[in-house]
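One structure below.
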Amino acid sequence: MNSAKDRVPLLMADLDRLYPQSQTELDYRTPLQLMVAVMLSAQCTDKRVNLVTPALFARYRTAEDFATADRGELEEFVKTTGFFRNKAKNIQNACRVLVDKFGGEVPKTLDELLELPGLGRKSANCVLGDAFDTPGITVDTHVGRLSRRLGLTRKIDPVKVEFKLMALIPQPSWTDFSHQLILHGRRVCHARGPKCEECTLAHLCPKVGVAKKS
DNA sequence: ATCCCGAGGG
DNA sequence: CCCTCTGGAT
């Protein structure tokens with residue numbers, strides 16, 4: 001098997017064929033809505049998030065609205081996405097910072113986004129890539145798992161995975177590459193019982209045929 | 001039982 | 001590195 005660096009161009013070509021117009025499946029209209037949706041998506045399916053956001057965004061429209069909302073009421077809106085106390089608190093505190101420090105707008109740089117409580121690197125890069133067209137590698141559970149299976153890294157630490165992928169993937173492709181790995185993780189390369197038989201990336205994958213047992 | 005587009009804290 | 005926070009889906 002070739003080195004990771006040699007396989008990356010082939011991998012990218014296959015992913016482009018497989019998932020030509022990849023994008024987030026979260027529903028949103030504004031950067032603020034995307035920020036909130038991304039915060040709700042932790043340990044929760046996008047589909048579930050999209051079930052709660054219509055009512056949520058109808059009730060709260062501005063960062064000020066979220067910041068001054070009744071905590072209990074906000075919790076009820078986001079309850080079914082799990083971690084609802086943390087999520088409601090983080091959304092509220094993040095929006096408080098938006099109002100106090102960023103004029104009520106979602107900032108457009110990674111460093112500023114990371115100042116918002118509840119927004120980690122994964123979510124910040126999501127907002128950058130999807131709302132502001134700024135390339136970012138988003139290392140979630142899928143991107144981490146697939147990167148390891150595909151032999152792009154052996155690291156567990158999401159930050160190390162992120163930097164390894166940044167070195168491996170051309171910057172303009174960072175956002176698309178992330179979405180493509182996520183889609184492939186959801187549809188084929190599952191955490192448990194990956195469908196290696198029907199995986200079109202199998203010829204690039206060192207893991208195929210190796211201990212896929214339990 | 002185990003996983004889902006995580007983040008923060010120890 | 002580990003743990004906790006949480007409900008829904010499979």
Side-chain angles (χ1 to χ4, degrees), chain A residues 15 18-19 21-28 31 33-53 55-56 71-72 74-97 110-132 134-150 152-162 165 169 173-195 212-214:
Chain A
L15 285 172
L18 216 45
Y19 309 108
Q21 76 276 294
S22 61
Q23 49 171 21
T24 182
E25 292 182 19
L26 294 170
D27 296 333
Y28 68 96
Q33 290 187 351
L34 176 62
M35 185 196 83
V36 172
V38 167
M39 294 178 84
L40 292 178
S41 73
Q43 294 299 299
C44 177
T45 59
D46 289 358
K47 200 172 299 182
R48 169 58 46 187
V49 173
N50 290 336
L51 245 34
V52 314
T53 45
L56 183 68
R71 178 69 59 86
L74 184 54
E75 287 180 354
E76 284 307 312
F77 274 103
V78 304
K79 190 141 200 146
T80 60
T81 65
F83 298 160
F84 65 92
R85 287 183 215 92
N86 283 334
K87 287 177 180 177
K89 175 169 54 140
N90 287 152
I91 288 169
Q92 200 149 40
N93 290 339
C95 284
R96 173 47 59 198
V97 176
L110 181 61
D111 287 339
E112 289 174 315
L113 287 166
L114 291 176
E115 292 180 37
L116 306 176
L119 240 84
R121 298 190 65 91
K122 180 263 166 185
S123 300
N125 276 318
C126 260
V127 173
L128 283 180
D130 295 326
F132 299 131
T134 302
I137 296 278
T138 62
V139 182
D140 66 353
T141 173
H142 296 301
V143 173
R145 182 179 72 252
L146 269 67
S147 295
R148 286 185 287 277
R149 283 182 178 166
L150 288 164
L152 304 182
T153 179
R154 301 170 76 173
K155 303 295 186 184
I156 298 292
D157 181 348
V159 180
K160 290 177 180 166
V161 175
E162 182 186 333
L165 291 181
I169 309 296
S173 301
W174 287 354
T175 301
D176 286 341
F177 185 80
S178 302
H179 283 314
Q180 288 166 335
L181 281 196
I182 289 164
L183 283 175
H184 196 64
R186 291 180 50 172
R187 296 178 187 175
V188 181
C189 194
H190 301 154
R192 291 295 157 93
K195 304 178 185 171
K212 118 174 217 200
K213 246 236 67 172
S214 98

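On a predicted model such as this, the values are computed, not experimentally measured, just so you know.
Contact annotation for A:Pro158: no contact, since no heavy-atom pair falls under 4.0 Å across all strands. At the heavy-atom level, A:Thr80 lies under 4.0 Å from the strands shown only through sugar-phosphate atoms. In this structure, A:Lys47 reaches neither bases nor backbone, as no heavy-atom distance under 4.0 Å exists between it and the strands shown. A:Phe84 comes within contact range of the sugar-phosphate backbone alone, with a heavy-atom separation under 4.0 Å but no base atom that close.
Looking at which nucleotide of DNA chain B each of A:Leu116 and A:Asp46 is closest to, the 5′-most match is held by A:Asp46. Ranked by how close their nearest DNA chain C nucleotide is to the 5' end, A:Gly82 and A:Lys160 are led by A:Lys160.
With a cutoff of under 4.0 Å to any heavy atom of chain A, the contacted region of DNA chain B is bounded 5' to 3' by B:dT2 to B:dG8.
A:Lys155 places no side-chain N or O within 3.5 Å of a backbone atom of A:Val161 that could act as its donor or acceptor partner. With hydrogens and angles ignored, the 3.5 Å screen pairs no side-chain donor or acceptor of A:Lys87 with any backbone N or O of A:Met39. A donor-acceptor pair is defined here as one N or O able to donate and one able to accept, closer than 3.5 Å; such a pair exists between the side chain of A:Thr81 and the backbone of A:Val78.
With respect to the salt-bridge test (charged N to carboxylate O, under 4.0 angstrom), the residues A:Glu75 and A:Arg85 do not qualify.
Nearest approach of A:Cys44 to A:Val49, heavy atoms of both residues: SG-CG2, 3.9 Å. Here the closest heavy-atom approach between residue A:Lys122 and residue A:Val139 is recorded as CG-O, 3.7 Å. Across A:Arg148 and A:Ile156, no two heavy atoms sit closer than the pair NH1-CA, 3.7 Å.
With sequence neighbours left out, A:Asp46 forms a side chain to side chain donor-acceptor pair (under 3.5 Å) with no residue at all.
A:His179 and A:Tyr19 form no side-chain donor-acceptor contact under 3.5 Å, judged by distance and modelled atom types alone.
Comparing the C1' positions of C:dC5 and B:dC3 gives an interatomic distance of 16 Å, to the nearest angstrom. One P atom belongs to B:dT2, the other to C:dT6, and the distance between them is 22 Å to the nearest Å. Between B:dC5 and C:dC3, the distance separating the two P atoms is 23 Å to the nearest Å.
Within residues 119-132 of chain A, the residues approaching DNA chain B are A:Leu119, A:Gly120, A:Lys122, A:Ser123, A:Cys126, by heavy-atom distance under 4.0 Å.
Using a 4.0 Å cut-off, no side-chain N or O of A:Arg48 falls inside it from OP1 or OP2 of C:dG7.
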